[in-house]
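What you see is a predicted model, and the numbers here were worked out from it, not measured in a lab. Just so it is clear: chains get the letters A, B, ... in the order the sequence lines come, proteins before strands, and each one is counted from 1. Because only heavy atoms are used, hydrogens play no part in the values below, and waters and symmetry mates are left out as well, while side chains stay in.
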Number of protein chains: 2
Amino acid sequence: MRLTTFSDYGLRVLMYVGAHDDRLATIGEIAQAYDISENHLMKVVHRLAQCGYVETARGRGGGMRLARAPRDINLGEVVRRTEDRSHLVECFDPQTSGCRIAPGCTLKGLLGEAMDAFFQVLDSHSLADLLVTRPKLVKLLALPRRGATAAPSGGRAARGRQRAG
Amino acid sequence: MRLTTFSDYGLRVLMYVGAHDDRLATIGEIAQAYDISENHLMKVVHRLAQCGYVETARGRGGGMRLARAPRDINLGEVVRRTEDRSHLVECFDPQTSGCRIAPGCTLKGLLGEAMDAFFQVLDSHSLADLLVTRPKLVKLLALPRRGATAAPSGGRAARGRQRAG
DNA sequence: GTTAAGCTGTATTGTGTATACATCTTCAAC
DNA sequence: GTTGAAGATGTATACACAATACAGCTTAAC
């Protein structure tokens with residue numbers, strides 16, 4: 001039972017942006033802070049923007065910020081919208097399900113119940129709950145990358161830069 | 001958010017065996033009933049045997065049966081023991097977690113809570129709950145395979161036999 | 001001793017996620 | 001009005017891991 005790192009990154013981005021709401025945050029800086037792929041993060045951010053969680057500004061001096069108050073960003077909704085494979089097991093997907101016992105199977109309902117319970121927890125929390133430790137987060141995110149001496153001035157050349165590993 | 005089909009098959013095997021508790025069931029027949037890979041199923045069964053859910057008998061006339069009463073086979077436990085990647089996101093695994101904000105992150109706790117809620121539902125049910133529709137299950141499982149005219153007498157030659165597709 | 005069953009280990013395939021690459025668009029600063 | 005820093009977008013590749021196949025062994029009934 002796993003969530004995609006896509007969802008994971010989505011939540012982390014929201015935490016970052018929420019913790020730095022005094023200014024615009026760029027994809028590059030977030031990728032550097034978490035030491036993850038900038039290219040992948042770009043797609044995550046794009047998705048968050050599509051969903052109306054962040055507003056992005058192109059061009060020099062651009063970046064992103066939250067499009068709503070943290071209180072209004074529900075975590076269950078975020079996960080549901082970043083996790084596209086929403087079926088726990090094969091038989092949840094009517095398209096591909098070929099399980100013979102489906103018509104008499106009580107397992108499906110039970111798993112559905114379990115999944116509901118999972119999301120109910122997330123549904124009852126918002127981004128604001130993740131920001132209660134905000135000062136600590138800001139400090140942790142500001143630390144220099146492991147192994148990196150000083151953030152190289154960067155620019156487009158650094159785009160392909162990868163995890164220190 | 002998905003379970004592995006390994007877990008899925010594990011649950012299905014238990015349902016099959018539980019529904020046919022009047023005799024031993026063979027891996028071959030179960031694979032045929034669900035139209036899934038016999039080889040893969042063999043490993044699933046092996047795992048179920050290791051966990052003490054089924055007893056297997058080698059040799060001619062062999063097969064498997066439940067090692068406990070359905071009531072004593074807890075579904076949460078089954079899933080936990082067949083699903084080996086038990087961490088929802090990277091930071092749940094102390095070995096590989098490199099997330100910088102972990103020390104100040106409240107997300108992890110929240111996701112843990114959600115996962116607990118998921119398993120709590122499964123924990124409160126046993127295999128017996130999946131067998132309430134037993135007569136129906138037996139009937140569904142006895143139907144001829146899609147596309148198959150008559151079950152070929154089988155034997156080792158048929159071992160590699162694959163889904164009708 | 002033959003056959004039907006499970007056991008075990010290894011190799012291969014396949015799928016989906018994650019990542020990289022390349023190029024385009026936008027917009028602010030100069 | 002040009003430049004450069006940012007996001008947008010589409011495609012291609014890499015990688016992990018689940019799923020499957022294959023090969024040979026062991027066990028037990030007949």
Side-chain angles (χ1 to χ4, degrees), chain A residues 1-10 13 23-31 34-50 54-65 82-85 87 89-90 93 96 153-163 165, chain B residues 1-10 13 23-31 34-50 54-65 82-85 87 89-90 93 96 153-163 165:
Chain A
M1 183 166 153
R2 291 206 70 165
L3 297 181
T4 55
T5 72
F6 191 93
S7 297
D8 185 11
Y9 288 177
V13 166
R23 59 177 175 83
L24 295 183
T26 68
I27 289 176
E29 101 188 52
I30 300 177
Y34 288 117
D35 197 15
I36 59 184
S37 158
E38 182 173 343
N39 293 288
H40 194 205
L41 205 54
M42 202 169 289
K43 310 206 169 182
V44 174
V45 168
H46 182 221
R47 183 59 172 280
L48 294 176
Q50 277 185 327
V54 299
E55 285 172 347
T56 57
R58 288 180 154 202
R60 188 173 196 157
M64 81 198 75
R65 63 176 172 194
T82 51
E83 196 78 2
D84 43 41
R85 349 154 270 188
H87 50 285
V89 293
E90 177 203 323
D93 184 358
T96 62
S153 66
R156 185 46 51 96
R159 194 164 259 190
R161 199 176 253 336
Q162 241 329 76
R163 336 179 47 133
Chain B
M1 182 167 155
R2 292 205 71 166
L3 297 180
T4 56
T5 73
F6 190 93
S7 298
D8 186 11
Y9 288 177
V13 166
R23 58 178 176 83
L24 295 184
T26 68
I27 289 176
E29 101 188 55
I30 300 178
Y34 288 117
D35 197 15
I36 60 184
S37 158
E38 181 172 343
N39 293 288
H40 194 205
L41 205 54
M42 201 169 291
K43 312 209 166 180
V44 174
V45 168
H46 183 221
R47 183 61 173 279
L48 293 176
Q50 277 185 326
V54 299
E55 285 173 349
T56 57
R58 288 181 153 200
R60 188 172 196 157
M64 82 196 76
R65 64 177 171 192
T82 50
E83 196 78 1
D84 44 41
R85 346 155 272 189
H87 49 285
V89 293
E90 177 203 323
D93 183 358
T96 62
S153 66
R156 186 45 53 91
R159 196 166 255 192
R161 198 178 251 343
Q162 241 330 76
R163 333 176 51 130

Touch class at under 4.0 angstrom, heavy-atom based, for A:A57 against every strand present |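 Sugar-phosphate, no base atom in range.
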Checking all strands, does B:H40 fall into the base, sugar-phosphate, or nothing category for heavy-atom contacts under 4.0 angstrom?
->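 Base contact - B:H40 has a heavy atom under 4.0 Å of at least one base atom.
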Output the rounded distance in Å from [atom1] ([X]) to [atom2] ([N]).
X     : N      : atom1 : atom2 : answer
B:E38 : D:dC22 : CD    : C1'   : 13 Å
B:R47 : C:dG9  : CZ    : P     : 14 Å
B:L41 : D:dA19 : CG    : C1'   : 12 Å
A:Q50 : D:dA8  : CD    : P     : 10 Å
A:D8  : C:dT19 : CG    : P     : 11 Å
B:Y34 : D:dA19 : OH    : C1'   : 18 Å
A:E29 : D:dA5  : CD    : P     : 16 Å
A:D35 : C:dA18 : CG    : P     : 16 Å

Nearest-nucleotide pick for [X], side chain only, options being [options]:
X     : options                : value
B:T5  : D:dA19, C:dA18, D:dT20 : D:dA19
B:K43 : D:dA19, C:dG9, D:dG4   : C:dG9
A:M64 : D:dG7, D:dA21, C:dT3   : D:dG7
B:R60 : C:dA28, D:dA29, C:dT19 : D:dA29
B:M42 : D:dT26, C:dA18, C:dT8  : C:dT8
A:Y9  : C:dT19, C:dT10, D:dA8  : C:dT19
B:T4  : D:dA19, D:dA6, C:dA18  : D:dA19
B:R58 : D:dT26, C:dA28, C:dT3  : D:dT26

Any side-chain N or O of B:H46 under 4.0 Å from OP1/OP2 of C:dG6?
->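 Checking C:dG6 against B:H46, no side-chain N or O comes under 4.0 Å of OP1 or OP2.
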Please state whether the phosphate of D:dA21, meaning OP1 or OP2, lies under 4.0 angstrom from any side-chain nitrogen or oxygen of B:S37.
->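 Indeed, a polar side-chain atom of B:S37 lies that close.
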Is there a side-chain contact between [X] and [Y] (heavy atoms, below 4.5 Å)?
X     : Y     : value
B:I30 : B:E38 : no
A:H40 : A:T5  : yes
B:D8  : B:L3  : no

Is A:R2 salt-bridged to B:E83, cutoff N-O under 4.0 Å?
->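 Salt bridge: no.
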May I have the list of side-chain donor-acceptor pairs in residues 43-50 of chain B shorter than 3.5 Å, sequence neighbours left out?
from	atom 1	to	atom 2	distance (Å)
B:R47	NE	B:R81	O	3.3
B:R47	NH2	B:R81	O	2.6

Passes side-chain contact (heavy atoms from CB on, under 4.5 Å), B:V13 versus B:M64? Steps please.
-> CA-CA 10 Å; B:V13 166; B:M64 82 196 76; 4.1 Å; yes
Which comes earlier along DNA chain C counting from the 5' end, the contact point of A:F6 or that of B:G59, where each point is its nearest nucleotide?
->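 The answer here is B:G59.
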Closer to the 5' end of DNA chain D via nearest nucleotide, is it A:A49 or A:G61?
->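 Its nearest nucleotide lies further toward 5', so the answer is A:G61.
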